[in-house]
Amino acid sequence: MLRSISVRPFRPLSSITSAQPILTTSIRTFSSKILALNNLRDNYGARKLKKRVGRGPGSGLGKTCGDGHKGSWKWGRFGKVGFEGGQTPIYRRFPKRGFVNIHKKPLAPLSLGKLVNFINAGRIRSDEIITLKTIWDSGI
């Protein structure tokens, strides 16, 4: 069964004169205004709206937010972190080494300015050689 299609009648280019406009659609013209701070704006399409995902099935990006179901693309464009395509990953191929000392005391840096302040306060004697023992005994 054939459907009828409405078609505009064909006009050869020779029948179009310079008096007839070739474009039949209306072109929106902007009135020339003086440029001021209150009428500045971006060109149309200069700022793209962000993609709002997960806003229902009518939006076209609902539920899975355009990522599809399962599959490697679901986890981001590079797949799962550390996944090597089924091969045993590098963090499981190598043995565990060393340990973390939970009783380790953090060391604070000792600047010359701090040292001068302790000497001026009288907590360290300046006439002696300053060693780690004198710094420890002064309670820095």
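Since this is a predicted model, take the numbers as computed values, not measurements.
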Minimum heavy-atom separation for [X] to [Y], with atom names?
| X | Y | value |
| --- | --- | --- |
| G82 | P89 | O-CB, 3.4 Å |
| E84 | I90 | OE2-N, 3.0 Å |
| L40 | L35 | CD2-CD1, 3.5 Å |

Listed by chain and number, what are the salt bridge (charged side-chain N to carboxylate O under 4.0 Å, His left out) partners of R47, not counting sequence neighbours?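 So R47 forms a salt bridge (charged side-chain N to carboxylate O under 4.0 Å, His left out) with D42.
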(Q) For the CG atom of N120 and the CZ atom of R123, what is their distance to the nearest 0.5 Å? (A)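 Rounded to the nearest 0.5 Å, the CG-CZ separation comes out at 13.0 Å.
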| Separation between NZ of K51 and OG of S59, rounded to the nearest 0.5 Å |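 Going from the NZ atom of K51 to the OG atom of S59 covers 10.5 Å.
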Exercise answer: donor-acceptor pairs, residues 95-115 side-chain atoms, under 3.5 Å, sequence neighbours excluded:
residue : atom : partner : partner atom : Å
N101    : OD1  : H103    : N            : 3.0
S111    : OG   : K114    : N            : 3.3

From the list I130, V116, N117, side-chain contact (heavy atoms from CB on, under 4.5 Å) partner of I124 resolves to I130
Any side-chain heavy atom of R52 sitting closer than 4.5 Å to one from L61?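 They are not in side-chain contact.
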| query | Quick one: are R93 and Q87 in side-chain contact, heavy atoms under 4.5 Å? | reply |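 Yes - at least one pair of side-chain heavy atoms lies under 4.5 Å apart.
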